[in-house]
2 protein chains.
Amino acid sequence: MSGSLQNLSGLDRVIHEPARLMLVALLSSVESADFLFLLKESGLTKGNLSVHLSRLEEAGYLRVDKTFQGKIPHTEYSLTAKGRTAFNEYRKKLDPIIRRHSKPAKL
Amino acid sequence: MSGSLQNLSGLDRVIHEPARLMLVALLSSVESADFLFLLKESGLTKGNLSVHLSRLEEAGYLRVDKTFQGKIPHTEYSLTAKGRTAFNEYRKKLDPIIRRHSKPAKL
DNA sequence: GTAAACTAGTTTATATTACAAACTAGTTTA
DNA sequence: TAAACTAGTTTGTAATATAAACTAGTTTAC
């Protein structure tokens, strides 16, 4: 490993998974969101959404606030500071690959 | 799925895998590269590199040119037009997520 | 002349996943 | 009282990624 791309090997897999990347990107643009909103926005199944949210919570990237609105349970999800930092780190790593270097290789 | 992030579900998994993303990014910046170069640049093990290159070849993203330099086998890998297109598509999809929208959420 | 190091892989085995579907447990509304 | 709702958990399957072991030859150093 001598090139300048070695950084990709340490890419945060928790965030890299498309479903979770979608969720983290979504949550990074709002203060918080509830389960139903994330379900509709993401297009994931309930089970799948639940598992991915759990994974983000385990990683410490997600704060889960469970309350009752009357008798109905209501859960709000929001990124933690750690989650925002991890997302920013992730974007920083991918940025040079996603951005155009503007000098296309001679074909 | 009503939001603007549904595009991520159709993300090209062949390219998304970090090891292959690294390889494709690498190959997109050169005309071609041989096995040893990719091995050193990527930091992957031989078997792993071999498998990932096969997967890219199966997807039609990679052209493999096997020759002999004297009696020693030499293999050159280069992206196909399809591979370059797929990589550009991939970057186009991730771009809005990786780029800063500049308006940070109110914390 | 033979053992080590090289090119360029393939095969195998293990471990981790992602995902959908089925299930749980309760509440509300028609 | 049955259907639809919130908010999940559990389970089973299938696809991965990865490292390690193996193949098959060539070259070089001792």
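Within every chain, numbering begins at 1; the chains are lettered A, B, ... in the order of the sequence lines, protein sequences first and strands thereafter.
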State, with a plain yes or no, whether a side-chain heavy atom of A:I97 is found less than 4.5 Å away from one of B:L94. no
Can you see if the side chain of A:T45 gets near the phosphate of C:dC19 - specifically, an N or O under 4.0 Å from OP1 or OP2? no
Interatomic distance where CZ belongs to B:R20 and C1' belongs to D:dA17 [whole Å]: 8 Å
Check against side-chain contact (heavy atoms from CB on, under 4.5 Å), A:S42 and A:L23: CA-CA 7 Å; A:S42 69; A:L23 292 171; 4.1 Å; yes
Just verifying a value: how many Å separate A:L53 CG and A:E58 CD, rounded to the nearest 0.5 Å? 11.0 Å
OP1 or OP2 of D:dA17 under 4.0 Å from side-chain N/O of B:R13: no
Here the gap from A:R63 atom CZ to A:T80 atom OG1, rounded to the nearest 0.5 Å, amounts to 6.5 Å
Salt bridge flag under 4.0 Å for residues A:E17 and B:R13: yes
Verify the distance criterion only: is there a donor paired with an acceptor across the side chains of B:N48 and B:H52 at less than 3.5 Å? yes
For A:T85 and A:Y90, run side-chain contact (heavy atoms from CB on, under 4.5 Å): C-alpha distance rounded to whole Å, both residues' side-chain angles, the deciding distance at 0.1 Å, then the answer. CA-CA 9 Å; A:T85 303; A:Y90 175 84; over 6 Å; no
Contact list please: residues 49-62 of chain A against DNA chain D, heavy atoms, distance less than 4.0 Å, in numerical order. A:S50, A:S54
Grab the CG-P distance between B:L44 and D:dA17 for me, whole Å please. 12 Å
Given side-chain contact (heavy atoms from CB on, under 4.5 Å), test A:T67 with A:T75 step by step and report yes or no. CA-CA 6 Å; A:T67 57; A:T75 313; over 6 Å; no
Measure CD1/A:I15 against C1'/C:dA18 and give the value in whole Å, please. 18 Å
Atom pair distance, as rounded to whole Å: CG in A:D12 and P in C:dT17: 12 Å
Show me the protein contacts with nucleotides 23-30 of chain C, counting only N or O atoms at under 3.5 Å.
none

Search all heavy atoms of A:F87 against all heavy atoms of A:S28 and return the closest pair with its distance. CE2-OG, 3.5 Å
Within this structure, what is the CG-NE2 distance for the pair B:L21 and B:H16, rounded to the nearest 0.5 Å? 8.0 Å
Without decimals, in angstroms, what is the distance between B:N48 CG and D:dT16 P? 15 Å
Rounded to whole angstroms, how far apart are CG on B:L21 and P on D:dA17? 12 Å
Could you tell me whether A:Y77 contacts a base, only the sugar-phosphate backbone, or nothing, with contacts defined as non-hydrogen atoms closer than 4.0 Å? sugar-phosphate
Contiguous Watson-Crick or G-U pair runs (3 or more, under 3.5 Å) in DNA chain C: C:1-30 with D:1-30
Please round to the nearest 0.5 Å and tell me the distance separating atom CG of A:L39 and atom CG of A:L36. 6.0 Å
